[in-house]
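Everything numeric in this text was worked out from a predicted model, so none of it was measured. Both counts, for ligands and for their atoms, begin at 1 and track the order of listing. For reference, positions follow the sequence shown, starting with 1.
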Amino acid sequence: MTGPQLLLRQLRREAEGIVSYEFVSASGAPLPAFTAGAHIDLHLPDALLRSYSLVNEPGERHRYVVAVDRAAGGRGGSAWMHSTPRPGDRLASSLPVNDFPLYEDAPLSIFIAGGIGITPFVSMAARLNTLGRAWRLHYSVRSRHRAAYVRELNALDRSGNAVNLHCTGEDMERPDIAAIVREAPAGSHLYCCGPSGMLDAFASACSGLPPQRVHLERFSASQEAATTGGYEVQLARSGKTLSVEAGKSLLDTLLDAGVPVQYSCSQGICGTCCMPVLEGTPDHRDDYLSNEEKAANQSIMVCCSGSLTQRLVLDV
Ligand code: FES
C-alpha cells in the first residue's frame, strides 16, 4: 500500500536502547489519518520493510512518531534505524494499517506491555483520555532505564494509579498476567503487546474470555523458522522448481533464485510474505494465519514456514 514520503524531523532518545523518530510529510500535505494501535511500514534500504506502531495521538495529521528498540529483533532494520537516518532524510512509508485496533466503547481497557511493546498503548491511552474512558497499564521492563514513555503515560494517568511499572531486573515482580485477567471487571477489554512468552501467557490466561474482549499484537515469533529443508518448491506460473536445502528458509531460497518476494518482519508476524499454495502441506510456523487458515493449507508465510510434504506448489 503506497503511502506518503516522510521527512525525518527529529530523533529522540526515549530510554536505554530506544530512539523515537518524528516524521512529517515531505510534501507538506496532511498525512493520512490513523487510529490508535495503527502501524506504518517504512521502506528501508535493501528492500527491507519494517513495521512500527505509531506512538503519537490519533488525530494528528502533521506527524507520525515511531520508536525503535535497538535490541528487539536486530535483523537489520533496527540496526539501520539506530545508525543511519538523520534529520532531513526522507523515507517512504505505507499508509497506516491497524491490525491492533482499540475498542473505544469499553468501560475499562487493560494494557499489558513488555519492552518496546509499550508503543501502541501510548497512542491508545491518549485516545481513551480524549474519550473520557478508563484505562490501566501493566508495563514490564528489565530496568527503569529501559522504560520508554513513562513520563508521558504518567501525565495521561488522571487517576494517578493507572500506570504499574514492573522492573523485573530490579527485584520487582513480573506482572501476574493470570491474576490481571482473572480480576478484570466484566466488560473490560484486555490488550497485550510484548515478547512471545508474555503473549503466550496472556493468550492462555484469556482462553476462557470472549475473543472479542482479547487483543494481542506480536512483535517477535513464537516459533523457530523452518530451516530443515529437504523438499522442493514448484512455482506454478513460471514452471520453475527449486530445492530448499537444509539450513535455508523458503524465503531465502526464493530470493536467491531471483523470485521477487515482498517481506517485512521475516518472523511470521506481519503477513507481508503470504503466498497462495496450490499443492502440498505447509509446515506453518507463523503467528499471522488463524488456526482455520492453517488447517486449510491454502496460504503460506514463506519467511518462516516450510513444507511437510516432499513438494510444495505455490501460485506464483
Ligand atoms: S515477512 Fe512478515 S510474515 Fe513473513
Separation between OG (S159) and CH2 (W135), nearest 0.5 Å, reads 7.5 Å
Contacts of type salt bridge (Lys or Arg N to Asp or Glu O under 4.0 Å), residue D252, not counting sequence neighbours: none
Tell me how many protein N, O or S atoms are closer than 2.8 Å to atom 2 (Fe) of ligand 1. 2
Using a side-chain heavy atom cutoff under 4.5 Å and only I, L, V, M, F, W and Y, what cluster partners does Y288 have? L289, M301
Is it true that E279 and R311 have a side-chain N and a carboxylate O under 4.0 angstrom from each other? yes
Report the distance from atom CG of D41 to atom OG of S93, rounding to the nearest 0.5 Å. 7.5 Å
Give every residue pair that meets the side-chain hydrogen bond (donor to acceptor under 3.5 Å, both in side chains) criterion with at least one member in residues 298-308, sequence neighbours excluded. S307-T309
